[in-house]
There are 2 protein chains.
Amino acid sequence: MDRDIIGALIADARTTYAVIGQQVGLSASAVKRRVDRLREAGAITGFTARVEPAALGWTTEAYVELYCRGKTSPVEIGRAVARHPEIVSACTVTGEADALLHIRATDMRHVEQVIERIASEAFVVRTKSSIVLSRLLDTPLVMERNGSPRIA
Amino acid sequence: MDRDIIGALIADARTTYAVIGQQVGLSASAVKRRVDRLREAGAITGFTARVEPAALGWTTEAYVELYCRGKTSPVEIGRAVARHPEIVSACTVTGEADALLHIRATDMRHVEQVIERIASEAFVVRTKSSIVLSRLLDTPLVMERNGSPRIA
DNA sequence: GATGAAACGTTCATGAC
DNA sequence: GTCATGAACGTTTCATC
């Protein structure tokens, strides 16, 4: 039931409690209580506007693999990542590379500058970049009844 | 000014128009008109709840590079990608691989199954996967005054 | 412990300016 | 762009199971 409520809020964060209640068979106040509880529990971390980056000038994106010098800590990488505002997502990964970054920029020149800036971090040995040609999919998670995520 | 409004809505989609107006120096109805216009223009595509995937059971994620047979079209890849609900984002890229997928799963076994399913698509020659060890950053885009994106 | 219904203050949405 | 108005919504309180 909480999954259905979350699903409704992912589909549209401005859905009223009354409408959600109608969908799941609860009253508006019951839904609100559950949403409040889900927020406190950390399942729902907030409500945000979904934005088309291209419409705001962020037309270019790239993925950058980071190869770091013999055991750089994830914490160190995390601190460095926070220094570059164009990095929208980052994680440490298995495989040859140590970390994978997702960056957004205004154009190719901007991408180049960002990569250069990242490459100049002390712990970075080398980088390997893939420019995004066309985005096929980018979706928030939606829960299905069977428990598998689905495209909104 | 539209950027500031969008920034406020990204930070919290439930911020009232009055509060946003206070921040940007406008009346509530003026803010609403701009938001309506931004939605029609496609800059804002919707409002969604931000969810902690781990709190809902999606504890494992991976990035999968797709190597396709000599000129598979992006459209074909896009159609295939839509068939696998665990793929939350996908794009075609420059470099050795043809596409990069981001998948979310409940556990490692689930990841394995998904990769196997994707690899069995007709146009896929081989895949190369990186399991995510720890996520360092994952943020919606926030606009700065100078026009660069920033972590929320 | 969770729910439904009603009461109250706030916010949205609209039209006139 | 602002201001004013009626309708809709969020939030709290209270009784109930």
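Lettering of chains follows the sequences in order, A, B, ..., and the numbering in each one begins at 1. Please read all numbers here as calculations on a predicted model, not as lab measurements.
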Run the numbers on B:S89 and A:R135 for side-chain hydrogen bond (donor to acceptor under 3.5 Å, both in side chains), then give the verdict. CA-CA 8 Å; B:S89 124; A:R135 180 148 293 281; 3.3 Å; yes
Check: A:T92/B:S134 side-chain N/O donor and acceptor closer than 3.5 Å: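 Side chains of A:T92 and B:S134: pair found under 3.5 Å.
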Heavy atoms under 4.0 Å, any strand shown: does B:R34 hit a base, just sugar-phosphate, or nothing?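 If one applies the 4.0 Å heavy-atom cut-off, B:R34 turns out to touch the sugar-phosphate alone, with no base involved.
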Between the first and last five pairs of the helix from C:dG1-D:dC17 to C:dC17-D:dG1, the angle of the axes, rounded to 10 degrees: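 Here the helix ends are tilted 30° relative to one another.
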Using 0.5 Å steps for rounding, measure from the [atom1] atom of [X] to the [atom2] atom of [Y].
X: B:H102; Y: B:S130; atom1: NE2; atom2: OG; answer: 11.5 Å
X: B:R34; Y: B:M1; atom1: CZ; atom2: CE; answer: 5.5 Å
X: B:I5; Y: B:I20; atom1: CD1; atom2: CD1; answer: 7.0 Å
X: A:L38; Y: A:D2; atom1: CG; atom2: CG; answer: 4.5 Å

Under a criterion of less than 4.0 angstrom to any heavy atom of chain B, what are the 5'-terminal and 3'-terminal contacting nucleotides of DNA chain D?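 Nucleotide range with atoms under 4.0 Å of chain B: D:dG1 to D:dC3.
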For the pair made of CZ in B:F47 and C1' in C:dT11, what is the distance, rounded to whole Å?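 Checked: the CZ to C1' distance equals 15 Å.
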How many Å lie between CZ on A:R14 and C1' on C:dC12, as a whole number?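 In whole Å, C:dC12 C1' and A:R14 CZ are 9 Å from each other.
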Show the atom names and distances, to 0.1 Å, of all donor-acceptor pairs under 3.5 Å that link a side chain in residues 25-33 of chain A to residues at least two apart or in another chain.
| residue | atom | partner | partner atom | Å |
| --- | --- | --- | --- | --- |
| A:S27 | OG | A:S29 | OG | 3.4 |
| A:S27 | OG | A:A30 | N | 3.4 |
| A:K32 | NZ | A:D36 | OD2 | 2.6 |

Pairs involving residues 6-24 of chain B, ordered by first then second residue, that meet side chain to side chain donor-acceptor pair (under 3.5 Å) (sequence neighbours left out):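 Residue pairs passing side chain to side chain donor-acceptor pair (under 3.5 Å), neighbours aside: A:R14-B:Y17, A:Y17-B:R14.
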Side-chain hydrophobic cluster, 4.5 Å single linkage: members besides A:V93: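 Reading the cluster by chain and number, A:V93 sits alongside A:Y63, A:L100, A:V132, B:Y63, B:V93, B:L100, B:V132.
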Shortest non-hydrogen contact between B:G46 and B:R39, atoms and distance: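 Smallest heavy-atom distance, with atoms named: CA-NH2, 4.1 Å.
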Taking B:D98 for its side chain and B:Y67 for its backbone only, find out whether a donor-acceptor pair lies under 3.5 Å.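 Flag not set: sc B:D98 to bb B:Y67 has no pair under 3.5 Å.
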Using a heavy-atom distance cut-off of less than 4.0 Å, which residues of residues 19-31 of chain A contact DNA chain C?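 Those residues are A:L26, A:S27, A:S29, A:A30.
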Within the pair B:K32 and C:dA13, is there a side-chain N or O less than 4.0 Å away from OP1 or OP2?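 Answer is yes, contact under 4.0 Å.
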When you match B:R33 and A:Y17 each to their closest nucleotide on DNA chain D, which lands nearer the 5' end?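 Per heavy-atom nearest nucleotide, the more 5' residue is B:R33.
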